Amino acid sequence: MSETKELLDPQQVQTARAWVAAARDIFVLTGAGISAESGVPTFRDALTGLWARYDPEELASAAAYRRHPGMVWKWYQHRREMVAAAQPNPGHAALAELAGRKTLTLVTQNVDGLHQRAGSQDVVELHGSLFADKWLDGCGRCDIATAVPGEPPRCGTCGAMLRPGVVWFGEDLPRVARFRAEQAAQHCDLCLVVGTSGLVYPAAALPGIAKDEGARVIVINPQPSALDETADLVLRAPAGACLPLLVRQDGA
Ligand code: OAD
C-alpha cells in the first residue's frame, strides 16, 4: 500500500480527490481489475488472465455449452466457488462508501457479486451474474428435476438445461442494464473507469459517451488500457490501493 502511494503522483491524487469531492453525479465503470486484489483472475492479463489459460470459444458461448455442457458447467461451478471464497477489497468498499454520500451509478462488467458483498446496493450488472442461473431454451414452466453431479441440472418437463446467467460471446447485453448504463454515462459529470482493458463493447463505449457529454474521465489501472486516451487523468495504480485515497474525507 505505501509503495503504491509512493508511485502515485501526489498532485494527481489531489486533483482526482478534488474532482470526486466536487462531482454532482458520478458514473463508475468497473472491470475484472477491481477484483484482482481479491484474488479473482482477470481475463486478459498475460500470464494469469482467464483467456490466457482457456479458450473463450470453448467456454463462454452458447454453442460451446451445447457441445460440452458438463465441461462448461463445471468450469462455471469452479469460478462460482472461487469467487464465493474471495473477499471484497478496499476498492469495492470505497465505491460502496462513496455511493452513500453522492449520486453514483455503479456499472460493472464483473459477474462476481463482490460489489454487492462490499455494500453497494444498486449495481448495474452489464454482463450478468455467476449467481443467477437461467434456462437455455426452456419451456416457460421449467423446474429442476434431475441434477447429475458434474452435469447441468435439467427441467423435468422439457429437458432444457440450466445455464449460467452470464452474457456469452455473441449474446446481447441485458436490455435494462444497458439502458441504465447509457443513461448514467450521459448524465454524469465525473466518470471513473476502474480495472478494465476497455476492449469489450458496448461497455467500452460508455466512458466516451460520458466524455462527449462533457464529463471528466479518470482511469484507474496499473497498466495501459484502451481507454487511457479518453481520460482526463490516468492513475497508474491498483484500484484497492488507489480508490480509498480518492474517497476518504479526512485528507489523508
Ligand atoms: P480484462 O482482463 O480485459 O482487463 C482487466 C484490466 O484490469 C487490465 O487492464 C489490467 O491492467 C487491469 N488491472 C489488473 N489488476 C488491477 C488492479 N489491481 N486494479 C486496477 N486494475 C487492474 O477485464 P475486463 O476489462 O473486465 O466479458 O474484460 C471485459 C470483459 O471481457 C469481461 O466482462 C468478460 C471478458 O470477456 C464477458 O464475460 C461477457
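In listed order, ligands and their atoms are each counted from 1. What you see is a predicted model; the values in this text were computed from it and never measured.
The side-chain hydrogen bond (donor to acceptor under 3.5 Å, both in side chains) search around Arg117 returns none, not counting sequence neighbours.
Within 6.0 Å of CZ on Phe179 lie no more than 12 heavy atoms contributed by other residues, nucleotides or ligands.
Residues lining ligand 1 at a heavy-atom distance below 4.0 Å are given as Gly31, Ala32, Gly33, Ala36, Glu37, Thr42, Phe43, Arg44, Asp45, Trp51, Gln109, His127, Val167, Phe169, Gly195, Thr196, Ser197, Val200, Asn221, Pro222, Gln223, Pro238, Ala239, ordered by chain and residue number.
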Pairs under 3.5 angstrom only: tabulate donor-acceptor contacts from the side chains of residues 199-209 to other protein residues two or more places apart or in another chain.
none

Residues 19-26 side chain polar contacts: donor-acceptor under 3.5 Å, at least two apart:
none

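A distance-only check finds no donor-acceptor pair linking the side chain of Ser120 to the backbone of Asp122 [under 3.5 Å].
Between His115 and His92, the ring planes lie perpendicular to each other; the angle is over 60°, past the 30° to 60° tilted range.
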